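Let me begin by presenting the structure, written as C-alpha coordinates, before commenting on it.
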Amino acid sequence: MESEAQRSLSFRVVRRADRSNQYSLSKGGDDSPGRAGQDPLKMIWRRGFIRLVLVSAIVWMMLILVALLFHLWSCHSSISFLSALCRKDSKVLVILDSMGLTPKPQHRCPIPLADDPDAVVIPKRTPNTIPKSLSYIMVDEQANEDSKSPPLFGGHQSWEQREKSFKLNKTMKVHCGFMKNGGAEMDDVDIKYARKCKFVVASGIFDGYDTPHQPSNISLRSQKLFCFLMVVDEVSLDFIKQNVSVQVDSNGGKWVGIWRLVTLHHPPYDEPRRNGKVPKILTHRLFPQAQYSIWIDGKMELIVDPLLILERYLWRGKHTFAIARHKHHRSIYEEADACKRRKRYARPLIDLHMKIYRYEGMEPWSPKKQTISDVPEGAVIIREHTTMTDLFGCLWFNEVNLFTPRDQLSFGYVVYRLGDAFKFFMFPNCEYNSLFILHKHTREHSSVIEWVKSLDEFKGNTSGLKETRGGLGLWSPYPGNLSSVKLPPVTRSSPAG
(Lines give C-alpha, C1' and ligand atoms only; values in the text may rest on other atoms or scores of the structure.)
Protein backbone atom coordinates (compact mmCIF):
# COMPACT_ATOMS: atom_id res chain seq x y z
CA MET A 1 0.00 0.00 0.00
CA GLU A 2 2.82 2.36 0.89
CA SER A 3 4.56 1.68 -2.42
CA GLU A 4 1.33 2.50 -4.29
CA ALA A 5 0.88 5.74 -2.33
CA GLN A 6 4.47 6.75 -3.04
CA ARG A 7 4.03 5.92 -6.69
CA SER A 8 0.83 8.04 -6.86
CA LEU A 9 2.50 11.00 -5.16
CA SER A 10 5.52 10.75 -7.45
CA PHE A 11 3.24 10.70 -10.49
CA ARG A 12 1.44 13.91 -9.34
CA VAL A 13 4.74 15.71 -8.82
CA VAL A 14 5.89 14.76 -12.31
CA ARG A 15 2.62 15.95 -13.87
CA ARG A 16 2.83 19.30 -12.03
CA ALA A 17 6.43 19.71 -13.22
CA ASP A 18 5.36 19.01 -16.81
CA ARG A 19 2.53 21.56 -16.60
CA SER A 20 4.87 24.13 -15.12
CA ASN A 21 7.35 23.62 -17.94
CA GLN A 22 4.61 23.87 -20.59
CA TYR A 23 3.34 27.13 -19.06
CA SER A 24 6.87 28.50 -18.90
CA LEU A 25 7.48 27.65 -22.55
CA SER A 26 4.18 29.17 -23.66
CA LYS A 27 5.14 32.48 -21.96
CA GLY A 28 8.57 32.37 -23.43
CA GLY A 29 10.37 32.06 -20.11
CA ASP A 30 12.79 34.53 -18.66
CA ASP A 31 15.39 33.66 -21.25
CA SER A 32 13.04 33.37 -24.26
CA PRO A 33 13.76 35.52 -27.36
CA GLY A 34 10.26 37.23 -27.15
CA ARG A 35 10.83 38.49 -23.63
CA ALA A 36 14.37 39.51 -24.32
CA GLY A 37 13.32 41.46 -27.48
CA GLN A 38 10.85 43.76 -25.69
CA ASP A 39 12.00 47.33 -24.76
CA PRO A 40 11.15 48.15 -21.12
CA LEU A 41 10.91 51.87 -22.00
CA LYS A 42 8.25 51.16 -24.60
CA MET A 43 6.21 49.17 -22.10
CA ILE A 44 6.45 52.00 -19.58
CA TRP A 45 5.54 54.60 -22.21
CA ARG A 46 2.55 52.57 -23.41
CA ARG A 47 1.15 52.14 -19.93
CA GLY A 48 1.83 55.82 -19.11
CA PHE A 49 0.10 57.03 -22.28
CA ILE A 50 -3.07 55.10 -21.49
CA ARG A 51 -3.10 56.52 -17.98
CA LEU A 52 -2.51 60.04 -19.35
CA VAL A 53 -5.46 59.76 -21.75
CA LEU A 54 -7.75 58.57 -18.97
CA VAL A 55 -6.63 61.29 -16.56
CA SER A 56 -6.92 63.99 -19.27
CA ALA A 57 -10.46 62.92 -20.11
CA ILE A 58 -11.45 63.07 -16.46
CA VAL A 59 -9.82 66.50 -16.00
CA TRP A 60 -11.47 67.83 -19.18
CA MET A 61 -14.90 66.67 -18.02
CA MET A 62 -14.30 68.28 -14.64
CA LEU A 63 -13.31 71.58 -16.32
CA ILE A 64 -16.48 71.56 -18.42
CA LEU A 65 -18.56 70.90 -15.32
CA VAL A 66 -16.81 73.70 -13.41
CA ALA A 67 -17.32 76.09 -16.36
CA LEU A 68 -21.03 75.30 -16.50
CA LEU A 69 -21.40 75.76 -12.76
CA PHE A 70 -19.47 79.06 -12.94
CA HIS A 71 -21.69 80.26 -15.80
CA LEU A 72 -24.85 79.48 -13.82
CA TRP A 73 -23.46 81.22 -10.77
CA SER A 74 -22.27 84.28 -12.70
CA CYS A 75 -25.72 84.80 -14.25
CA HIS A 76 -27.09 85.41 -10.77
CA SER A 77 -24.05 87.24 -9.46
CA SER A 78 -24.27 90.78 -8.09
CA ILE A 79 -20.91 91.54 -9.74
CA SER A 80 -21.70 93.49 -12.91
CA PHE A 81 -18.81 92.07 -14.95
CA LEU A 82 -19.83 88.48 -14.22
CA SER A 83 -23.53 89.05 -14.80
CA ALA A 84 -22.65 90.73 -18.12
CA LEU A 85 -21.34 87.39 -19.38
CA CYS A 86 -24.93 86.15 -19.58
CA ARG A 87 -26.27 89.02 -21.66
CA LYS A 88 -26.35 88.45 -25.41
CA ASP A 89 -25.56 92.12 -26.04
CA SER A 90 -22.73 92.36 -23.50
CA LYS A 91 -19.37 93.87 -24.46
CA VAL A 92 -17.63 90.70 -23.26
CA LEU A 93 -19.51 88.48 -25.70
CA VAL A 94 -19.09 91.04 -28.49
CA ILE A 95 -15.30 90.95 -28.09
CA LEU A 96 -15.27 87.14 -27.92
CA ASP A 97 -17.51 86.95 -30.98
CA SER A 98 -15.22 89.26 -32.97
CA MET A 99 -12.37 86.86 -32.16
CA GLY A 100 -14.40 83.89 -33.38
CA LEU A 101 -14.57 82.34 -29.91
CA THR A 102 -18.37 82.13 -29.61
CA PRO A 103 -20.65 79.61 -31.35
CA LYS A 104 -22.50 80.62 -34.49
CA PRO A 105 -25.72 82.50 -33.67
CA GLN A 106 -29.08 80.84 -34.07
CA HIS A 107 -31.40 82.00 -36.82
CA ARG A 108 -34.30 82.19 -34.35
CA CYS A 109 -34.32 82.21 -30.57
CA PRO A 110 -36.97 82.72 -27.87
CA ILE A 111 -37.82 86.34 -27.05
CA PRO A 112 -38.05 87.10 -23.31
CA LEU A 113 -41.52 88.62 -23.60
CA ALA A 114 -43.88 89.53 -20.79
CA ASP A 115 -46.62 86.95 -20.23
CA ASP A 116 -49.76 89.01 -20.70
CA PRO A 117 -50.37 92.14 -22.83
CA ASP A 118 -53.22 93.11 -20.52
CA ALA A 119 -50.80 93.26 -17.58
CA VAL A 120 -48.30 95.57 -19.33
CA VAL A 121 -48.10 98.99 -17.67
CA ILE A 122 -47.54 101.86 -20.10
CA PRO A 123 -44.92 104.18 -18.55
CA LYS A 124 -44.73 107.96 -18.66
CA ARG A 125 -43.20 109.54 -21.74
CA THR A 126 -39.46 110.15 -21.86
CA PRO A 127 -38.78 113.90 -21.39
CA ASN A 128 -37.07 115.82 -24.20
CA THR A 129 -33.63 117.17 -23.35
CA ILE A 130 -31.43 117.97 -26.36
CA PRO A 131 -32.89 119.04 -28.65
CA LYS A 132 -35.70 120.52 -26.59
CA SER A 133 -37.48 121.79 -29.67
CA LEU A 134 -37.30 120.41 -33.23
CA SER A 135 -38.78 121.96 -36.35
CA TYR A 136 -38.40 121.33 -40.06
CA ILE A 137 -37.40 123.25 -43.18
CA MET A 138 -40.54 123.14 -45.32
CA VAL A 139 -39.61 125.17 -48.42
CA ASP A 140 -36.97 124.16 -50.98
CA GLU A 141 -35.13 127.48 -51.21
CA GLN A 142 -32.98 126.55 -54.21
CA ALA A 143 -36.07 125.61 -56.21
CA ASN A 144 -37.51 129.07 -55.48
CA GLU A 145 -34.28 130.77 -56.60
CA ASP A 146 -34.09 128.72 -59.79
CA SER A 147 -37.52 128.41 -61.38
CA LYS A 148 -36.19 125.71 -63.72
CA SER A 149 -35.44 123.43 -60.75
CA PRO A 150 -38.62 121.84 -59.35
CA PRO A 151 -38.98 121.41 -55.57
CA LEU A 152 -37.49 118.18 -54.30
CA PHE A 153 -39.08 116.12 -51.55
CA GLY A 154 -35.82 116.15 -49.56
CA GLY A 155 -34.86 119.66 -50.63
CA HIS A 156 -31.56 120.85 -52.07
CA GLN A 157 -29.57 120.46 -48.85
CA SER A 158 -26.12 122.06 -49.09
CA TRP A 159 -22.97 120.54 -47.61
CA GLU A 160 -22.88 123.37 -45.07
CA GLN A 161 -26.48 122.71 -44.00
CA ARG A 162 -25.73 119.01 -43.69
CA GLU A 163 -22.72 119.67 -41.45
CA LYS A 164 -24.67 122.10 -39.29
CA SER A 165 -27.48 119.58 -38.76
CA PHE A 166 -25.14 117.30 -36.79
CA LYS A 167 -24.33 120.03 -34.23
CA LEU A 168 -26.77 119.56 -31.37
CA ASN A 169 -28.58 122.53 -29.82
CA LYS A 170 -31.64 122.95 -27.63
CA THR A 171 -33.57 124.38 -30.59
CA MET A 172 -32.97 122.90 -34.05
CA LYS A 173 -34.45 123.27 -37.51
CA VAL A 174 -33.40 120.70 -40.11
CA HIS A 175 -34.26 119.22 -43.47
CA CYS A 176 -36.62 116.29 -43.01
CA GLY A 177 -38.39 115.62 -46.30
CA PHE A 178 -41.93 116.76 -47.17
CA MET A 179 -40.93 119.97 -48.90
CA LYS A 180 -43.84 121.98 -50.24
CA ASN A 181 -44.87 120.62 -53.65
CA GLY A 182 -42.22 117.91 -53.36
CA GLY A 183 -44.65 114.95 -53.56
CA ALA A 184 -45.82 112.21 -51.17
CA GLU A 185 -49.20 113.77 -50.36
CA MET A 186 -51.78 111.91 -48.28
CA ASP A 187 -55.54 111.98 -48.74
CA ASP A 188 -57.43 114.23 -46.31
CA VAL A 189 -59.41 111.25 -45.00
CA ASP A 190 -56.17 109.47 -44.09
CA ILE A 191 -54.66 112.58 -42.48
CA LYS A 192 -57.79 112.91 -40.32
CA TYR A 193 -57.67 109.23 -39.32
CA ALA A 194 -53.95 109.34 -38.47
CA ARG A 195 -54.44 112.26 -36.06
CA LYS A 196 -55.95 109.92 -33.49
CA CYS A 197 -53.10 107.39 -33.72
CA LYS A 198 -50.74 107.54 -30.72
CA PHE A 199 -49.59 103.91 -31.01
CA VAL A 200 -48.73 102.87 -34.56
CA VAL A 201 -47.68 99.71 -36.36
CA ALA A 202 -46.57 100.94 -39.78
CA SER A 203 -45.57 99.16 -42.96
CA GLY A 204 -45.29 99.99 -46.64
CA ILE A 205 -45.66 98.54 -50.13
CA PHE A 206 -44.38 100.33 -53.23
CA ASP A 207 -44.46 99.49 -56.93
CA GLY A 208 -46.71 96.48 -56.34
CA TYR A 209 -44.14 94.12 -54.83
CA ASP A 210 -46.34 92.73 -52.04
CA THR A 211 -49.84 92.39 -50.65
CA PRO A 212 -50.60 93.05 -46.95
CA HIS A 213 -49.98 90.15 -44.57
CA GLN A 214 -52.30 89.99 -41.59
CA PRO A 215 -50.61 90.05 -38.15
CA SER A 216 -51.31 87.21 -35.74
CA ASN A 217 -51.33 86.83 -31.94
CA ILE A 218 -52.67 90.37 -31.50
CA SER A 219 -54.50 90.89 -28.22
CA LEU A 220 -57.82 92.74 -28.01
CA ARG A 221 -56.07 95.47 -26.03
CA SER A 222 -53.54 96.03 -28.82
CA GLN A 223 -56.23 95.94 -31.49
CA LYS A 224 -57.92 98.86 -29.73
CA LEU A 225 -54.70 100.70 -28.80
CA PHE A 226 -52.74 100.51 -32.09
CA CYS A 227 -53.39 101.85 -35.56
CA PHE A 228 -52.11 99.41 -38.20
CA LEU A 229 -51.18 101.68 -41.12
CA MET A 230 -50.03 100.31 -44.47
CA VAL A 231 -48.52 103.05 -46.66
CA VAL A 232 -48.86 102.39 -50.40
CA ASP A 233 -48.39 104.21 -53.67
CA GLU A 234 -51.08 104.24 -56.36
CA VAL A 235 -49.45 101.40 -58.32
CA SER A 236 -49.52 99.17 -55.23
CA LEU A 237 -53.08 100.18 -54.35
CA ASP A 238 -54.28 99.02 -57.79
CA PHE A 239 -52.27 95.80 -57.44
CA ILE A 240 -53.75 95.10 -53.99
CA LYS A 241 -57.30 95.71 -55.26
CA GLN A 242 -56.72 93.16 -58.01
CA ASN A 243 -55.43 90.47 -55.64
CA VAL A 244 -57.17 90.84 -52.27
CA SER A 245 -60.45 92.21 -50.97
CA VAL A 246 -60.33 95.91 -50.06
CA GLN A 247 -63.15 97.21 -47.86
CA VAL A 248 -64.19 100.88 -47.85
CA ASP A 249 -65.73 102.30 -44.67
CA SER A 250 -68.35 105.05 -44.43
CA ASN A 251 -65.67 107.76 -44.23
CA GLY A 252 -63.89 106.57 -47.37
CA GLY A 253 -61.07 104.74 -45.57
CA LYS A 254 -59.69 101.65 -47.30
CA TRP A 255 -59.01 98.47 -45.31
CA VAL A 256 -57.43 95.06 -45.85
CA GLY A 257 -58.20 93.15 -42.68
CA ILE A 258 -56.63 95.01 -39.75
CA TRP A 259 -54.53 97.22 -42.06
CA ARG A 260 -55.68 100.73 -42.93
CA LEU A 261 -54.32 101.58 -46.38
CA VAL A 262 -52.74 105.05 -46.56
CA THR A 263 -52.07 106.19 -50.13
CA LEU A 264 -49.11 108.45 -50.95
CA HIS A 265 -49.75 110.34 -54.18
CA HIS A 266 -46.95 111.60 -56.45
CA PRO A 267 -44.04 109.39 -55.34
CA PRO A 268 -41.07 111.67 -54.63
CA TYR A 269 -38.37 109.46 -56.18
CA ASP A 270 -37.65 107.50 -59.36
CA GLU A 271 -36.55 104.46 -57.36
CA PRO A 272 -39.28 102.45 -55.54
CA ARG A 273 -36.73 101.42 -52.91
CA ARG A 274 -35.99 105.05 -52.16
CA ASN A 275 -39.74 105.80 -51.96
CA GLY A 276 -40.06 103.06 -49.36
CA LYS A 277 -37.67 104.93 -47.02
CA VAL A 278 -40.23 107.74 -46.56
CA PRO A 279 -42.68 105.89 -44.27
CA LYS A 280 -39.91 103.69 -42.85
CA ILE A 281 -37.59 106.43 -41.59
CA LEU A 282 -39.94 109.43 -41.49
CA THR A 283 -42.79 107.72 -39.63
CA HIS A 284 -42.95 110.71 -37.29
CA ARG A 285 -43.51 113.06 -40.24
CA LEU A 286 -46.29 110.99 -41.79
CA PHE A 287 -48.01 110.38 -38.45
CA PRO A 288 -46.99 113.32 -36.23
CA GLN A 289 -49.37 112.41 -33.38
CA ALA A 290 -47.71 109.01 -32.87
CA GLN A 291 -46.00 108.61 -29.50
CA TYR A 292 -44.74 105.10 -30.25
CA SER A 293 -44.27 103.28 -33.54
CA ILE A 294 -43.17 99.87 -34.80
CA TRP A 295 -42.07 99.66 -38.41
CA ILE A 296 -42.05 96.33 -40.28
CA ASP A 297 -41.27 95.81 -43.96
CA GLY A 298 -44.17 95.03 -46.27
CA LYS A 299 -43.12 91.43 -46.94
CA MET A 300 -43.35 90.53 -43.24
CA GLU A 301 -46.14 89.00 -41.20
CA LEU A 302 -45.99 90.20 -37.60
CA ILE A 303 -46.48 87.32 -35.13
CA VAL A 304 -45.85 89.05 -31.77
CA ASP A 305 -48.24 91.36 -29.95
CA PRO A 306 -47.02 94.97 -30.48
CA LEU A 307 -47.58 95.92 -26.84
CA LEU A 308 -45.23 93.11 -25.79
CA ILE A 309 -42.70 94.37 -28.35
CA LEU A 310 -42.73 97.87 -26.82
CA GLU A 311 -42.39 96.41 -23.32
CA ARG A 312 -39.49 94.15 -24.29
CA TYR A 313 -37.44 96.52 -26.44
CA LEU A 314 -38.24 99.98 -25.08
CA TRP A 315 -39.84 100.15 -21.65
CA ARG A 316 -38.02 97.34 -19.88
CA GLY A 317 -34.60 98.86 -20.53
CA LYS A 318 -35.81 102.49 -20.66
CA HIS A 319 -34.83 102.83 -24.33
CA THR A 320 -36.36 105.16 -26.91
CA PHE A 321 -35.03 103.48 -30.07
CA ALA A 322 -34.47 99.79 -30.79
CA ILE A 323 -33.25 97.99 -33.88
CA ALA A 324 -31.71 94.56 -34.54
CA ARG A 325 -28.06 94.05 -35.38
CA HIS A 326 -27.21 92.64 -38.79
CA LYS A 327 -26.67 88.89 -38.88
CA HIS A 328 -23.40 88.94 -40.82
CA HIS A 329 -21.86 92.43 -40.83
CA ARG A 330 -20.75 94.95 -38.23
CA SER A 331 -18.83 97.39 -40.43
CA ILE A 332 -20.52 99.58 -43.03
CA TYR A 333 -17.63 98.79 -45.37
CA GLU A 334 -18.46 95.07 -45.13
CA GLU A 335 -22.11 95.86 -45.86
CA ALA A 336 -21.14 98.08 -48.80
CA ASP A 337 -19.04 95.26 -50.25
CA ALA A 338 -22.01 92.89 -49.93
CA CYS A 339 -24.31 95.43 -51.63
CA LYS A 340 -21.92 95.64 -54.56
CA ARG A 341 -21.62 91.87 -54.90
CA ARG A 342 -25.39 91.45 -54.76
CA LYS A 343 -25.97 94.34 -57.18
CA ARG A 344 -28.14 96.36 -54.79
CA TYR A 345 -27.08 99.66 -56.35
CA ALA A 346 -24.48 101.03 -58.77
CA ARG A 347 -21.07 99.86 -57.55
CA PRO A 348 -19.13 103.07 -58.29
CA LEU A 349 -21.77 105.13 -56.44
CA ILE A 350 -21.56 102.85 -53.40
CA ASP A 351 -17.78 103.32 -53.43
CA LEU A 352 -18.19 107.10 -53.65
CA HIS A 353 -20.68 107.02 -50.76
CA MET A 354 -18.20 105.09 -48.61
CA LYS A 355 -15.27 107.31 -49.58
CA ILE A 356 -17.16 110.35 -48.30
CA TYR A 357 -17.81 108.61 -44.97
CA ARG A 358 -14.20 107.47 -44.73
CA TYR A 359 -12.98 110.99 -45.47
CA GLU A 360 -15.25 112.29 -42.69
CA GLY A 361 -13.67 109.96 -40.13
CA MET A 362 -15.94 106.90 -40.15
CA GLU A 363 -13.79 104.01 -38.93
CA PRO A 364 -14.55 100.32 -39.59
CA TRP A 365 -16.29 98.70 -36.67
CA SER A 366 -14.10 97.23 -33.93
CA PRO A 367 -14.66 96.09 -30.32
CA LYS A 368 -13.24 99.44 -29.20
CA LYS A 369 -16.40 101.18 -30.39
CA GLN A 370 -19.28 101.86 -28.02
CA THR A 371 -21.80 100.17 -30.31
CA ILE A 372 -22.40 96.45 -30.76
CA SER A 373 -22.45 96.97 -34.52
CA ASP A 374 -22.56 99.78 -37.09
CA VAL A 375 -24.92 97.83 -39.35
CA PRO A 376 -28.57 97.21 -38.42
CA GLU A 377 -31.19 94.87 -39.79
CA GLY A 378 -33.51 97.72 -40.70
CA ALA A 379 -36.70 95.80 -41.52
CA VAL A 380 -37.97 96.29 -37.94
CA ILE A 381 -37.61 99.64 -36.12
CA ILE A 382 -39.12 100.30 -32.68
CA ARG A 383 -39.35 103.92 -31.49
CA GLU A 384 -40.64 106.25 -28.85
CA HIS A 385 -41.00 109.55 -30.68
CA THR A 386 -38.90 111.96 -28.67
CA THR A 387 -37.20 114.97 -30.24
CA MET A 388 -33.90 113.03 -30.28
CA THR A 389 -35.29 109.95 -32.07
CA ASP A 390 -37.16 112.22 -34.48
CA LEU A 391 -33.95 114.16 -35.16
CA PHE A 392 -32.09 110.91 -35.74
CA GLY A 393 -34.78 109.90 -38.25
CA CYS A 394 -34.39 113.21 -40.09
CA LEU A 395 -30.59 112.99 -40.25
CA TRP A 396 -30.73 109.33 -41.30
CA PHE A 397 -33.23 110.15 -44.04
CA ASN A 398 -31.14 113.08 -45.27
CA GLU A 399 -28.21 110.70 -45.82
CA VAL A 400 -30.46 108.29 -47.74
CA ASN A 401 -31.77 111.24 -49.75
CA LEU A 402 -28.27 112.56 -50.57
CA PHE A 403 -26.47 109.31 -51.28
CA THR A 404 -27.49 105.69 -52.00
CA PRO A 405 -30.88 104.33 -50.88
CA ARG A 406 -29.15 101.56 -48.88
CA ASP A 407 -30.14 102.84 -45.43
CA GLN A 408 -27.96 100.25 -43.63
CA LEU A 409 -24.92 102.10 -44.96
CA SER A 410 -26.06 105.41 -43.43
CA PHE A 411 -27.31 104.28 -40.02
CA GLY A 412 -23.91 103.75 -38.40
CA TYR A 413 -22.58 107.01 -39.82
CA VAL A 414 -25.37 109.08 -38.21
CA VAL A 415 -24.79 107.23 -34.91
CA TYR A 416 -21.10 108.13 -35.21
CA ARG A 417 -21.85 111.81 -35.85
CA LEU A 418 -24.26 112.13 -32.91
CA GLY A 419 -21.90 110.29 -30.55
CA ASP A 420 -23.09 109.53 -27.03
CA ALA A 421 -26.10 111.85 -27.38
CA PHE A 422 -28.09 109.19 -29.25
CA LYS A 423 -28.81 106.14 -27.12
CA PHE A 424 -30.36 103.06 -28.67
CA PHE A 425 -30.82 99.35 -28.08
CA MET A 426 -29.44 96.97 -30.69
CA PHE A 427 -30.98 93.60 -29.93
CA PRO A 428 -29.89 90.10 -31.07
CA ASN A 429 -30.61 89.14 -34.66
CA CYS A 430 -32.11 85.80 -33.62
CA GLU A 431 -34.85 87.68 -31.70
CA TYR A 432 -35.47 89.85 -34.75
CA ASN A 433 -36.15 86.72 -36.83
CA SER A 434 -38.63 85.53 -34.19
CA LEU A 435 -40.82 88.63 -34.52
CA PHE A 436 -42.24 87.81 -37.94
CA ILE A 437 -42.74 85.35 -40.76
CA LEU A 438 -40.96 86.42 -43.93
CA HIS A 439 -42.85 86.13 -47.22
CA LYS A 440 -41.40 86.38 -50.71
CA HIS A 441 -42.05 89.43 -52.86
CA THR A 442 -44.66 88.88 -55.55
CA ARG A 443 -41.88 89.70 -58.02
CA GLU A 444 -38.20 90.55 -57.80
CA HIS A 445 -37.10 94.16 -57.88
CA SER A 446 -34.72 95.03 -60.66
CA SER A 447 -33.33 98.37 -61.78
CA VAL A 448 -30.82 99.12 -64.51
CA ILE A 449 -28.80 101.30 -62.13
CA GLU A 450 -27.96 98.22 -60.05
CA TRP A 451 -25.88 96.79 -62.90
CA VAL A 452 -23.69 99.85 -63.43
CA LYS A 453 -20.00 99.01 -63.05
CA SER A 454 -18.35 102.31 -64.05
CA LEU A 455 -19.10 106.03 -63.76
CA ASP A 456 -18.49 106.26 -67.52
CA GLU A 457 -21.87 104.59 -68.04
CA PHE A 458 -23.55 107.67 -66.59
CA LYS A 459 -21.91 110.11 -69.01
CA GLY A 460 -24.41 112.05 -71.04
CA ASN A 461 -27.22 110.33 -69.11
CA THR A 462 -28.54 109.06 -72.45
CA SER A 463 -29.56 105.79 -70.85
CA GLY A 464 -31.60 107.43 -68.09
CA LEU A 465 -29.52 105.71 -65.40
CA LYS A 466 -29.00 108.73 -63.21
CA GLU A 467 -31.75 109.44 -60.67
CA THR A 468 -33.22 112.92 -61.08
CA ARG A 469 -34.72 113.43 -57.60
CA GLY A 470 -32.56 111.39 -55.23
CA GLY A 471 -28.89 110.71 -54.57
CA LEU A 472 -27.93 114.16 -55.80
CA GLY A 473 -25.12 114.40 -53.26
CA LEU A 474 -23.27 111.81 -55.34
CA TRP A 475 -23.27 114.26 -58.27
CA SER A 476 -22.60 117.50 -56.38
CA PRO A 477 -18.99 118.69 -56.01
CA TYR A 478 -17.79 117.50 -52.62
CA PRO A 479 -15.88 120.12 -50.57
CA GLY A 480 -13.05 117.68 -49.71
CA ASN A 481 -10.39 115.85 -51.72
CA LEU A 482 -11.53 112.24 -52.12
CA SER A 483 -8.86 111.21 -54.63
CA SER A 484 -6.45 110.00 -51.93
CA VAL A 485 -9.09 108.17 -49.88
CA LYS A 486 -8.62 104.41 -49.72
CA LEU A 487 -11.44 102.24 -48.47
CA PRO A 488 -10.58 99.78 -45.67
CA PRO A 489 -9.91 96.19 -46.77
CA VAL A 490 -12.89 93.89 -46.34
CA THR A 491 -12.84 90.20 -45.47
CA ARG A 492 -15.99 88.36 -46.39
CA SER A 493 -17.34 87.10 -43.07
CA SER A 494 -20.07 84.78 -44.34
CA PRO A 495 -21.05 83.00 -47.57
CA ALA A 496 -24.50 84.59 -47.16
CA GLY A 497 -23.15 88.05 -46.35
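Since this is a predicted model, take the numbers as computed values, not measurements.
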**Item:** Candidate pair I437 and M300, rule side-chain contact (heavy atoms from CB on, under 4.5 Å), full reasoning
**Value:** CA-CA 6 Å; I437 295 173; M300 293 177 170; over 6 Å; no
**Message:** Could you walk me through whether F287 and M186 satisfy the side-chain contact (heavy atoms from CB on, under 4.5 Å) test, starting with their C-alpha distance in whole Å, then the side-chain angles of each, then the deciding distance to 0.1 Å, before giving a yes or no?
**Reply:** CA-CA 11 Å; F287 314 120; M186 291 169 57; 4.2 Å; yes
Under 3.5 Å, which donor-acceptor pairs link side chains of residues 173-180 to any protein atom two or more places apart or in another chain?
none

**Prompt:** So, is the end of the R417 side chain (NZ or CZ) under 6.0 Å from the ring centre of F166 and within 45° of the ring's axis?
**Reply:** yes
**Request:** Mind telling me whether W315 and F199 have parallel, tilted or perpendicular rings, with 30° and 60° as the class edges?
**Result:** perpendicular
**Item:** Identified side chain to side chain contact (heavy atoms under 4.5 Å, CB included) counterpart of T126 within the set T320, T389, L314
**Value:** T320
**Asked** E185 and H266: side-chain donor and acceptor closer than 3.5 Å?
**Response** yes
**Message:** Assess whether a salt bridge exists between D337 and R341, defined as any Lys/Arg side-chain N lying under 4.0 Å from an Asp/Glu carboxylate O.
**Reply:** yes
Acceptor/donor pairs from residues 110-117 side chains to any protein atom, 3.5 angstrom cut, sequence neighbours excluded:
residue	atom	partner	partner atom	Å
D116	OD1	D118	N	3.0

**Prompt:** Any side-chain donor-acceptor pair under 3.5 Å between D187 and H265?
**Reply:** yes
**Request:** Assess whether salt bridge (charged side-chain N to carboxylate O under 4.0 Å, His left out) is satisfied between K280 and D407, documenting all intermediate values.
**Result:** CA-CA 10 Å; K280 174 180 179 176; D407 54 68; 3.1 Å; yes
**Request:** Over 60° means perpendicular and under 30° means parallel, so classify the ring planes of H284 and Y136, tilted if in between.
**Result:** tilted
**Request:** Over 60° means perpendicular and under 30° means parallel, so classify the ring planes of F422 and F392, tilted if in between.
**Result:** parallel
**Item:** Short side-chain donor-acceptor distance under 3.5 Å, T283 and R383
**Value:** yes
**Request:** Please list all pairs passing the salt bridge (charged side-chain N to carboxylate O under 4.0 Å, His left out) test where one or both residues lie in residues 294-314, with sequence neighbours left out.
**Result:** E311-R316, R312-E431
**Item:** Pair listing, side-chain hydrogen bond (donor to acceptor under 3.5 Å, both in side chains) test, anchored in residues 372-382, at least two apart
**Value:** K369-D374, T371-D374, E377-N429
**Prompt:** With a distance cut-off below 6.0 Å to the six-membered ring centre and an angular limit of 45° from the axis, does R260 pair with F228 as a cation-pi contact?
**Reply:** no
**Prompt:** Would a distance-only check, ignoring hydrogens and angles, find a side-chain to backbone donor-acceptor pair under 3.5 Å from S434 to C109?
**Reply:** yes
**Message:** Quick check against the 3.5 Å criterion: does R274 have a side-chain atom that pairs as donor or acceptor with the backbone of V400?
**Reply:** yes
**Request:** May I have the step-by-step check of salt bridge (charged side-chain N to carboxylate O under 4.0 Å, His left out) for E271 and R469, ending in yes or no?
**Result:** CA-CA 9 Å; E271 270 284 301; R469 294 180 288 173; over 6 Å; no
**Request:** Can you tell me which residue pairs pass the salt bridge (charged side-chain N to carboxylate O under 4.0 Å, His left out) test with a partner in residues 384-403, sequence neighbours excluded?
**Result:** R125-E384, R162-E399
**Request:** Examine distances only and state if a side-chain atom of D249 and a backbone atom of N251 form a donor-acceptor pair shorter than 3.5 Å.
**Result:** yes
**Request:** With sequence neighbours excluded, tell me which residues meet side chain to side chain contact (heavy atoms under 4.5 Å, CB included) with P348.
**Result:** A346, V452, L455
**Request:** Indicate the ring-plane relationship of H439 and H213, choosing parallel, tilted or perpendicular according to the 30° and 60° boundaries.
**Result:** parallel
